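Numbers restart at 1 for each chain; the letters A, B, ... are given by sequence-line order, proteins then strands. Remember, it's a predicted structure, so these values are computed and weren't measured experimentally. Only this structure's heavy atoms are used, side chains among them; waters, hydrogens and symmetry mates stay out.
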Amino acid sequence: MLQTEGLACVRNGRQLFEGLNIQLQAGELLRIEGGNGTGKTTLLRILCGLYSEYEGEVHWELDHYPAYVGHRSGVHEALTPVENLRWHGALHGEDISDAEISEALSALGLGRHETGMPCGHLSEGQRKRVGLARLLLRPNSAWILDEPFSAIDVEGVDDLIGMIGAQLDRGGVAILTSHQEIALTAPVKSIRLRGTE
Amino acid sequence: MWRWFHKLGSPRSFYLISNRLLPWLGAAAGLLLVVGAVWGLLFAPPDYQQGNSVRIMYIHVPASILAQSGYLLMATAGAIYLIWRIKLADIAMQCVAPLGASLTFLALVTGSIWGKPTWGTWWQWDARLTSTLVLLFLYLGVVALRSALEYRESAGRATAILALVGVVNLPIIKYSVDWWNTLHQPSSFSLTEKPAMPAEMWLPLLVMVIGFYCFFFTVWILRIRSEIIQRESGTEWVRGVAGS
Amino acid sequence: MWSSLKREIRIGVRQSSDLVNSLFFFLMVLSLFPLGVGPGADTLRLIAPGVIWVAALLSTLVAMESLFRNDFDNGAIEQMAMSERPLALVVLGKILGQWCLSGFMLVLLSPVVGVTYSLNGAEILATAVALALGTPTLALVGAIAAALTVGSRGAGVVLAILALPLYIPVLIIGTSMIAAAEAGLPVTGYALWLAALLMLALAFAPIATAAALRVSLSH
Amino acid sequence: MRFESFADLLSMSGHGAFVWSAYGITLLVLVVNVVWPLLTIRQRLAGLRRADAPGVVEDP
């Protein structure tokens with residue numbers, strides 16, 4: 001599903017990582033560990049194709065573009081969650097019915113009350129859930145999540161882990177950065193990024 | 001040809017090649033400029049209309065030619081950097097902007113000084129001067145963007161896009177300024193069409209233009225070398241150069 | 001593309017502060033000149049084309065500042081960059097959406113402007129057509145500058161320095177179109193030139209803006 | 001030689017001030033353009049040499 005060769009990145013004169021070879025098969029989870037500023041987010045953005053100042057190769061075999069949920073949830077505060085997700089769906093050329101959208105939102109614990117108001121009134125955690133709901137909108141073979149558990153409460157984390165497990169069972173892949181262990185039956189690979197001083 | 005192109009692409013080989021090239025280029029520039037200036041100032045005939053003030057042409061025309069070709073060079077270097085991501089092209093593009101801007105400024109100043117005896121005013125919204133002014137703004141735009149994105153990794157790509165957008169717009173701007181000029185310009189002598197020149201007038205001009213080109217490349221290479229030393233200061237070979 | 005256009009309009013309507021500011025800015029600039037230059041009808045008629053277009057230029061710049069800023073900060077641009085639809089089309093939708101609420105409003109305001117600058121009916125029509133054809137080009141070209149500067153600090157001034165030289169052809173042709181109308185000359189030639197510039201901008205500007213956005217994401 | 005005397009050369013029948021000021025400014029701009037990079041090169045190389053010199057405490 002994913003293969004990288006000799007991935008290296010220098011940012012602000014500092015070598016974040018080099019010679020990174022990642023192999024990820026269907027149904028596997030990749031966890032990226034490392035302290036702050038060791039380039040975790042940069043690595044994710046390189047895999048998403050958002051950051052292009054790097055050496056090395058990234059090869060994806062996917063039928064859909066990977067879905068990325070970063071620190072910024074990609075949600076506009078003037079629009080309601082439904083309107084936001086409808087636009088996100090349209091970005092990929094699918095017009096998704098409101099029913100599917102509200103179903104995805106409720107799967108993340110956002111009931112009718114929250115989905116009616118503009119996202120500006122929602123809390124940080126709720127806005128993040130709207131961003132995460134994007135993952136359920138359409139069949140993604142790859143999820144790329146940056147600190148998905150931050151700002152999410154305890155049972156939210158369990159739901160999320162359940163979602164990730166289901167995604168892996170469906171033969172998809174997931175790449176995420178997180179400071180906490182993830183209890184999952186599926187095979188978990190992990191890379192540690194040390195800030196090579 | 002491709003191998004040579006890539007060999008030149010690495011900053012180190014560029015530095016070595018320019019070691020040999022620089023003295024010759026610098027000497028040619030100095031020689032041509034001195035010969036051209038003396039020839040234009042002392043031996044070329046005065047213009048029947050403008051008298052001796054036409055001698056300013058020998059610096060104004062080359063400066064504005066270099067200002068425009070400088071922008072084209074910058075856009076080309078930008079395109080090369082965007083397409084092949086050759087680091088040297090980014091450095092080359094970055095080094096052209098201040099040089100091109102100073103030559104554009106020079107063209108403006110000499111143009112307005114030349115205008116004083118001809119039109120009686122320091123500034124005349126003449127087509128050539130106005131489009132040179134716009135060219136100066138385009139240069140300043142590139143310099144401003146480069147400094148606004150100073151610590152950004154992809155500042156080079158951003159300035160390359162701006163240079164390309166600028167070079168696409170340059171003919172449109174030039175055409176619309178010339179056309180605008182015909183609307184408002186009283187039909188006095190304009191710097192746009194060069195008067196039909198006898199040989200002894202355009203020969204020194206040709207020498208000066210070539211001299212300016214040699215000068216342009218000399219300074220450009222000097223600036224590139226200085227930027228290479230800055231950017232590659234961590235490498236062994238630069239320390240070797242510093243040590244020697 | 002259309003969904004981005006609809007989204008932009010919906011955002012614009014709900015969060016109308018930025019766009020309304022650019023309209024107020026347009027009217028303010030227009031009302032300053034009579035105070036500065038003098039209220040005489042013939043002087044106003046003389047300066048009307050230039051003033052209207054300079055005001056349109058500046059108000060577009062004000063609107064450009066906020067075009068990508070918000071979506072860049074909340075991560076929407078990242079989603080646009082990772083969508084399967086070409087980014088240039090999505091961006092085009094966004095620009096046209098914003099134009100509907102800022103540039104197009106200038107067209108609707110042109111009768112008001114025309115009256116204050118003592119232009120007659122035909123001249124006001126020419127002004128409206130000129131603005132209708134010119135302001136989208138301003139929005140498209142300005143979007144390139146906005147995309148280039150969205151990742152940097154102090155973007156406002158730099159954006160103006162980048163965009164204004166590129167606005168000159170539209171300014172020249174737009175101004176002479178209104179001036180020709182005032183002189184009673186036919187304006188179709190100018191309108192065709194403005195339309196030609198618009199087509200050029202429609203073809204190239206979104207591509208450049210998309211490339212610039214991808215670069216700004218890599219900062 | 002178009003001018004008989006040095007004074008004639010200077011005055012250039014009235015246009016001398018303009019011609020010589022234009023050439024003067026040009027010379028200034030050209031010289032600054034050449035000297036500036038040379039200075040920065042020498043300064044940067046010296047900086048590297050200082051950083052490399054043995055016994056010099058490398059400032060953090």
(request) Examine whether an atom of C:Asp73 lies under 4.5 Å from a heavy atom of chain A, and if so say whether it belongs to the side chain, the backbone or both; otherwise answer neither. (result) backbone
(request) Look at C:Ser4, C:Gly93, C:Gly75, C:Ser83 and state which one has the largest set of heavy-atom pairs under 4.5 Å with chain A. (result) C:Ser83
(request) Check for a donor-acceptor pair, side chain of A:Lys189 on one end and backbone N or O of A:Glu28 on the other, with a separation under 3.5 Å. (result) no
(request) With a 4.5 angstrom heavy-atom cut-off, could you sort out which part of A:Pro118 is near chain C: side chain, backbone, both or neither? (result) neither
(request) Please check if any side-chain donor atom of C:Asn74 sits under 3.5 Å from a side-chain acceptor atom of A:Ser73, or the reverse. (result) no
(request) Please check if the side chain of C:Ser22 supplies one atom and the backbone of C:Val62 the other of a donor-acceptor pair under 3.5 Å. (result) no
(request) Sort A:Arg134 into side chain, backbone, both or neither according to what part of it lies under 4.5 angstrom from a heavy atom of chain C. (result) side chain
(message) Tell me the closest heavy-atom pair linking C:Val158 and C:Thr149, and the distance in Å.
(response) CG1-CG2, 3.7 Å
(message) So which residue, A:His76, A:Glu53, A:His71, A:Arg45, ends up with the most heavy-atom pairs under 4.5 Å with chain C?
(response) A:His76
(request) Kindly write out the residues that satisfy side chain to side chain contact (heavy atoms under 4.5 Å, CB included) with A:Asp153, not counting sequence neighbours, or none if the list is empty. (result) A:Arg129, A:Glu155
(message) Looking only at side-chain N and O atoms, does A:Gln126 offer a donor or acceptor that is under 3.5 Å from a partner on A:Ser123?
(response) yes
(message) Heavy-atom pairs under 4.5 Å with chain A - which of C:His219, C:Arg214, C:Glu84 has more of them than the others?
(response) C:Glu84
(message) Looking only at heavy atoms and a cut-off of under 4.5 Å, which of C:Arg10, C:Met80, C:Met82, C:Arg85 has the most pairs with chain A?
(response) C:Met82
